[in-house]
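Convention: sequence-line order gives letters A, B, ...; per-chain numbering from 1.
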Amino acid sequence: MQDERLIIAGREFRSRLWVGTGKYKDFVETQKAIEASGADVVTVAVRRVNITDRSKENLLDYLDPKKYTILPNTAGCYTVEDAVRYARLGRAAGVSDLVKLEVIGDERTLFPDTAGLIEAAKILIKEGFIVLPYTNDDPVVAKKLVDIGCPAVMPLAAPIGSGLGIRNPYNLKIILETVKVPVIVDAGVGTASDAALAMEYGADAVLMNTAIAGAKDPIAMAEAMKYAVEAGRLAFKAGRIPRKLYATASSPIEGML
Amino acid sequence: MNQFCQIQVNGEARTARSGITVADLLREIEVKPDRVAVELNLEILDRQEFDRRNLSEGDRIEIISFIGGGSRELSVISSQFSARGRKNSFS
């Protein structure tokens with residue numbers, strides 16, 4: 001079945017699975033897992049260069065920016081000021097105006113500070129950034145983010161790295177109904193069925209890191225996630241049957257002895 | 001003019017020749033300029049400026065690049081509020 005491409009702010013993406021690059025054993029494993037996932041968007045963090053140990057290799061030696069869209073994030077930022085600063089540094093280090101904007105509000109849950117998120121998004125949009133906001137599963141906030149100019153929203157399924165799967169499917173469904181921009185479910189996926197479910201609900205893409213990097217065999221899990229996202233997307237487009245309480249026979253009665 | 005000056009690079013004190021450029025510093029510490037962003041006293045520099053900007057006593061330089069990351073808690077770039085000689089640009 002020919003599916004339409006995911007398009008955000010005029011950019012076309014081949015894959016509906018986006019992946020983070022953290023928590024892998026080494027760059028070789030990172031590269032292999034990302035290859036296996038089929039993702040064409042990879043998130044990266046913005047950090048100080050290690051100047052005392054220059055032997056350290058660069059992540060981008062393993063991820064060709066011509067092959068992948070490098071999406072800098074503002075992970076670890078707890079204030080509007082820091083998030084804006086990291087976004088600007090990410091743009092200066094990279095090549096595009098894309099940023100995955102995170103303003104974290106709480107250390108234990110890593111839930112977003114949605115008030116700070118909206119404020120930071122406004123500043124960055126004014127500066128020409130394409131802001132992809134990591135947000136809560138809150139339909140009102142999602143709509144506000146779209147209203148101020150975010151070309152997509154990235155609501156969480158569950159806390160980052162928790163692997164709990166979609167905690168609030170009803171809110172996610174409301175977000176999917178309410179906003180007219182692509183919705184990328186970001187964070188909280190634990191295994192393939194979580195990703196498939198998000199896509200079956202109608203999410204436009206899924207972004208994950210820990211579920212792959214933390215699996216016993218990250219490369220195999222990356223492949224599983226690729227199929228899960230594809231299967232979920234296909235099922236969504238195909239249109240599932242309604243749930244019914246009682247059986248409906250699949251085999252005809254006629255011709256029985 | 002002193003021959004040397006004290007600067008801070010990624011939070012660490014460093015002695016540099018007075019008047020060297022950002023590009024000189026990057027060469028000295030063997031960092032390729034094409035994959036980094038440089039912030040000089042909280043001002044993010046365009047790459048074309050690396051050759052033109054000279055460093056002097058008390059300058060704070062942050063050299064950053066991309067590392068593996070999805071979403072995790074890590075904050076290692078010094079807070080802008082502690083930097084000298086410049087108020088944060090949001091107030």
Problem set entry | Any donor-acceptor pair under 3.5 Å from B/Thr21 side chain to B/Asn54 backbone | no
Problem set entry | Listed partners of A/Asp106 passing side chain to side chain donor-acceptor pair (under 3.5 Å), at least two apart | A/Thr109
Problem set entry | Carboxylate-amine/guanidinium proximity below 4.0 Å for A/Asp186 and A/Lys100 | yes
Problem set entry | Leading residue by heavy atom contact count with chain B [cutoff under 4.5 Å; candidates A/Val42, A/Leu63, A/Asp61] | A/Asp61
Problem set entry | chain A contact via B/Ile63 - side chain, backbone, both or neither, heavy atoms under 4.5 Å | both
Problem set entry | Contacts of A/Thr191 that satisfy side chain to side chain donor-acceptor pair (under 3.5 Å) - sequence neighbours left out | none
For this session: Measure A/Leu60 against the heavy atoms of chain B and call it side chain, backbone, both or neither at under 4.5 Å.
Result: both
